[in-house]
Amino acid sequence: MADPTALRDDLDLPVRLGPRPPRRVVSLVPSLTEAVAVTAPGLLVGATDWCSHPADLPVPRIGGTKSPDVPRILALAPDLVLANDEENRRPDLDALRAAGVPVWVTDIRTLDDAFRSLDRLLTIACGLPRPAWLDEAEAVWSPVGGGSTPPEPDGPRTVVPIWRRPWMVLGRDTFAGDLLRRLGLRLVHADHPERYPAIPLPELLACRAELVVLPDEPYRFTAEDGPEAFPGTPAALVSGRHLTWYGPSLVTAPAVLRRALDHPSGPGGTGTS
């Protein structure tokens, strides 16, 4: 294993682990929970209430991603906590570090970021062999714009709401936006100054988008809740896990997302993912 004093996470922060690979890991990120659980069953000793995959994960729950129970995490005596710069609050992570717990933070904004970050987290931070599912994920994404310079999208102009009250959409520099771009969609707000801008509905309608993509997380859009706000615009209801999670779900994400995107509801109709 590499010199523990030299390890640095995605934010280039030092992570000082012990002389042996971690044996008790707590994950504060659903994507990373699934990645570790599938790669090394038994390594996880705690996860958030939102960590829904694997469905039968038998570990204690330590609260939400934004509201973890720090004393409960400490009581689990982890030798590593996994976090994400976007999903978790820095004060919570600082509290864990202050208590002497190593924290590895990921920062993922593109598909390439995900592949690099997952490899480092699993092989360097957790000391595990590189999993076969990660190789498979890279292989299945390669034909749909894999690599650092995917082709420019030429598909429909697309709006991607992620919240409804207020309306918020994918803006610049997001992992989900990069996946949709690789699948050929042209995101209307890809160059917005904010990553998740709040856009009033009249402004969204004025964009005259050719497609609206409605994921089922973080806001749970459904056939009855979402498409009706965009009359005359085809709506694709997609799996939020396959659009926003980075982990084993990446293996099936291209096919799952493509099926939904290729069969949107017609203007004024309803569709399913």
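Residue numbers start at 1 and run along the sequence shown. In this text the structure is predicted, and so the values were computed from the model without any measurement.
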Ion pair [X]/[Y], N-O distance below 4.0 Å:
| X | Y | result |
| --- | --- | --- |
| Lys66 | Glu87 | no |
| Arg116 | Asp107 | no |
| Asp225 | Arg164 | yes |
| Arg109 | Asp173 | yes |
| Asp154 | Arg186 | no |

Restricting to side-chain contact (heavy atoms from CB on, under 4.5 Å), what partner residues turn up for [X], sequence neighbours left out?
| X | answer |
| --- | --- |
| Ser117 | Asp10, Thr106, Ile108 |
| Trp133 | Ala35, Val38, Thr39, Leu118, Leu122, Pro131, Pro248, Val251 |
| Arg208 | none |
| Thr252 | His242, Val256 |

Q. How far does CZ of Arg24 sit from CG of Leu44, to the nearest 0.5 angstrom?
A. 11.0 Å
Side chain to side chain, [X] and [Y], heavy atoms closer than 4.5 Å:
| X | Y | answer |
| --- | --- | --- |
| Val213 | Leu261 | yes |
| Thr65 | Asp49 | no |
| Cys126 | Leu80 | yes |
| Arg16 | Pro102 | no |
| His189 | Leu170 | no |
| Leu43 | Leu128 | yes |

**Q.** Steps toward side-chain hydrogen bond (donor to acceptor under 3.5 Å, both in side chains) verdict (Glu217, Trp245)
**A.** CA-CA 10 Å; Glu217 63 174 78; Trp245 288 35; 2.9 Å; yes
Which pair of non-hydrogen atoms, one from [X] and one from [Y], has the smallest distance, and what is that distance?
| X | Y | result |
| --- | --- | --- |
| Ala260 | Val238 | CB-CG1, 3.7 Å |
| Gly177 | Leu187 | CA-CD2, 3.8 Å |
| Ala99 | Leu74 | CB-CD2, 3.7 Å |
| Thr233 | Ala209 | CG2-O, 3.6 Å |

Q: Could you please spell out the steps behind the salt bridge (charged side-chain N to carboxylate O under 4.0 Å, His left out) verdict for Arg241 and Asp216?
A: CA-CA 8 Å; Arg241 174 169 168 260; Asp216 60 12; over 6 Å; no
Q: Output yes when a side-chain donor or acceptor of Arg258 lies under 3.5 Å from a complementary backbone atom of Leu183, and no otherwise.
A: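 Yes: the side chain of Arg258 pairs with the backbone of Leu183.
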Q | Backbone of Pro218 reached by a side-chain donor or acceptor of Trp163 within 3.5 Å | A | no
(Q) Let's go through Leu201 and Leu205 carefully: what are the C-alpha distance in whole Å and the side-chain angles of both, what is the deciding distance for side-chain contact (heavy atoms from CB on, under 4.5 Å) to 0.1 Å, and is it a yes or a no? (A) CA-CA 6 Å; Leu201 184 58; Leu205 297 177; 4.1 Å; yes
For [X], I'd like to know if atom [atom1] has over 12 heavy atoms of other residues, nucleotides or ligands within 6.0 Å.
| X | atom1 | value |
| --- | --- | --- |
| Arg172 | CZ | yes |
| Arg157 | CZ | yes |
| Asp262 | CG | yes |

Q) Looking at residues at least two apart in the chain, or sitting in another chain, which of them share a side chain to side chain donor-acceptor pair (under 3.5 Å) with Arg89? A) Asp92
Q: Please check if any side-chain donor atom of Glu34 sits under 3.5 Å from a side-chain acceptor atom of Tyr246, or the reverse.
A: no
Q | Steps toward side-chain contact (heavy atoms from CB on, under 4.5 Å) verdict (Val29, Thr48) | A | CA-CA 7 Å; Val29 186; Thr48 75; over 6 Å; no
Q: Walk me through it: do Val45 and Val25 pass the test side-chain contact (heavy atoms from CB on, under 4.5 Å)?
A: CA-CA 6 Å; Val45 297; Val25 174; 5.9 Å; no
**Q.** Pair Asp85-Leu11, side-chain contact (heavy atoms from CB on, under 4.5 Å): steps then yes or no
**A.** CA-CA 8 Å; Asp85 189 50; Leu11 300 183; 3.6 Å; yes
Q | Contact list for residues 123-133, test salt bridge (charged side-chain N to carboxylate O under 4.0 Å, His left out), sequence neighbours left out | A |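 Found Asp119-Arg130, Arg130-Asp135, Arg130-Glu138.
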Q: Kindly work out whether a path of hydrophobic side-chain contacts (I/L/V/M/F/W/Y, heavy atoms less than 4.5 Å apart) joins Trp50 to Leu243.
A: no
